[in-house]
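Encoded as structure tokens, the structure appears first; notes follow it.
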Amino acid sequence: MIELFFGKYHYWIYIALMMIGFYAMIAKENLIKKIIGMNIFQTAVFLFYISAGKVRGGTAPILWEKAVLYDNPLPHTLMLTGIVVSVSTTAVAFAIVIKIYREYGTIEEDKILGLAEGERFREENPAPPVP
Amino acid sequence: MKDQIIIRTVSRILIPFIQLFALYVIAHGDLSPGGGFQGGVIIGSSIILYVIVFGIEEGRRRMPEKINDVLNSTGVLIYAGVGVLCLVSGGAYLQYSKLPLGSEHTASHLGIYGIEIGVAITVSAVMMTIFFETAGKNDD
Amino acid sequence: MNLEAHLPILAIIIPLISAFVIPLFGRINKACAWYIAISAISLSFIISVSLLNSVLADGTVSYRLGGWEPPWGIEYVVDYLSGFVMVIVSAIAVVMTLYAKKSVEKEIDESRISAFYAIYMLFFTGLMGMTITGDIFNLYVFIEITALSGYALSAAGKKREALIATYNYLILGTIAATFILIGIGYLYIVTGTLNMADLKMRLPGLYGSTSVMTAFAFITVGLSLKLALFPFHIWLPNVYTHAPSVVSSLMAATGTKVALYVLLRMMFTVFTVDFYLKAVPATTIFLILGILAIISGSIIAISQTNIKRMLAYSSVGQIGYMVLGVGLANPLALTGSLIHILNHALMKGTLFMAAGAVFYMTGAENISDLRGMGRKMPFTMAAFTIGSLSMIGFPLTVGFVSKWYLAMGAIKSGMWWLVPVILLSSLLTAVYLLRVIETIYFSETGKETTPEDAPAGMVIPILILASLCLVFGIFTFMPVGVASRAVTLLLGVQ
């Protein structure tokens, strides 16, 4: 039991971060806070990969004369790609949020949905012509 | 922020050093933490610092939109071009050891430098484009 | 340089390079963006067809990037299944790009057309890359390239509802892709390799471990979100309704199909058939979700008034058919699923392009605005009718073939009760599509209409796809031949 908790604490940390980010993406109503949640979620996954690549007694995976054992460098390269993907997704998300702000004037999700519902209602039930 | 003399002076002194550090990070990508993407982001953020301190028009004067648009694509074309050069020299795609640049080891090293430079050019240009687009005009 | 040997990488590199050449030339001359796009996609189509030919003649083609041996290097693998899907995706893209020339001029701001085509080429590159790669992390990179370009494309139009739909799609799509990344991470931790063929060899010894089951769960949920399987389909109707017409057509015809291909690849090649059938109850889950998707997609489509939203819910139902085939997991049903990939691409492509042509000519989006269109736009509406008959499953059209194989597969598995379900859903499809056909042909508008069809650049691609619906419905041996060989390879039996 102790082994499960203290021996694998890096997994517990990554799960906690992932759940915090996931909660922020789903439950928060401000669009920017959702993007921040997305970033936390993806950062948790980077932690997962890199912490899983650590070798006991290994140094950082850079060539060094005094080193005996190196960490696994492959997760580091994979996560470089992951960080680039995360930055690009954040950039596209911000561009969309800026356009939404310019069109709707607000970035709170419930207000935007209210405006959109009103539009759809008016579109599907056009007002009767004034006699 | 143009009239804050401390910020203006310090950034004027530091921006060239930031860019030099970025070139160091790009060049030492295979021996220390760094590489094309990281160096490109540092160059991009140096120009963003310049624009924040001195204003958008001044920044656009230094990095005209036409050059920015051309640099966006150039980096990726350099990357793909190195790969196609490797195809033409007889190897698989991106098999740098077959490039006609000396021994196999040298050719591998230089091939990796080539693509890192391509990545750095595109990343820095795209960072600048994103910043100029989002900080720019309020219409459209 | 032997061109023949480098075809797999050329199929990816030509669209990728053209995606970055288009902005450069777009500065000089705005009109040349389309020409570069159509030539790059046509070249890619020719390369895919020749790759499929060489696979049918000689067996699997494999290509090593950088000359590194697998499993240390990235490997591109073309076998029957990837070749089949590559040809479908590139053929549909050629037809859509021909259609796009006029449609994009109307729906996208003129200053952004070259940027639109650049992202369009990136989307196409991502789709081709997803089908051809043999390395799971490279797969994740291409999934993200496709997804990001998809977000940018669907927000590119002038409608403001598209922005909310795209934001929703972005959040859900990022959750999906990150789940896939977590699954890949678990697989890597357990086996130490990222190459699909190598994983296939190393996983069987590890079936009992919870890491492998967690990896399977995460990857399945992530891919089901991308695939728009029943409870995860929420992003699809809004995106398809409000995106520009070319984008909805291309995404409806190819986007979800390639996600289904990735699901098949992961289920049957990486986690081999035994794991899928015995270690986890995945077949039951896919069966249930497939049936729910078919029924609910068709029922919700009946109550829609917007043409594209109705077609989007109908897509949700059709994806249920394909997943039903995966859930049954016997050779006949899987052949039905694979042929349905081709069929749905043809049918939905025709229907969405026809809806886009109506929007181009009249700006109409609702079904009630289609009154009397049969006389006004005869060719487009004829193609719409052929597509609808094919969706319902009329004999001699392509839709009948896939439903026949699915029904045969259901009977062979002993699940007789699935055949009435398939028939019921065909009936529901008939309800909502025949209602549209009735509005088109048999309702009076009360005024004289002169035939004024969409421009030839839009009508010809629609007619090409509609005629292919009939051709592949009559000469069924071509797709069935390739699909059954692909199924043999996937299931590893007989």
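Proteins come first, then strands; the chains are lettered A, B, ... in the order of their sequence lines, and each starts at number 1. Since we're looking at a predicted model, the values are computed, not measured.
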Looking at OG of Ser97(B) and CH2 of Trp68(C), how far apart are the two atoms once the value is rounded to the nearest 0.5 Å?
6.5 Å
Neighbour count >12 (heavy atoms, 6.0 Å) for atom CZ, Phe131(B):
yes
Short side-chain to backbone donor-acceptor contact, Tyr93(B) and Ile13(C), under 3.5 Å
no
At a 4.5 Å cut-off on heavy atoms, which part of Arg64(C) comes close to chain B: side chain, backbone, both, or neither?
backbone
Looking at side-chain heavy atoms only, is the closest gap between Val76(B) and Ile17(C) below 4.5 Å?
no
Nearest 0.5 Å, please: how far is CZ in Phe20(C) from OG1 in Thr122(B)?
7.0 Å
Identify the heavy atoms of Gly66(C) and Ala92(B) that sit nearest to each other, and give their distance.
N-CB, 4.1 Å
Determine whether more than 12 heavy atoms belonging to other residues, nucleotides or ligands lie under 6.0 Å from atom NZ of Lys66(B).
no
Inspect the surroundings of CZ in Phe21(B) and state if more than 12 heavy atoms from other residues, nucleotides or ligands are less than 6.0 Å away.
no
Nearest 0.5 Å, what's the CG-CG distance between Leu77(B) and Leu24(C)?
6.0 Å
Hey, is CD on Glu104(B) packed in by over 12 heavy atoms from elsewhere, all under 6.0 Å?
no
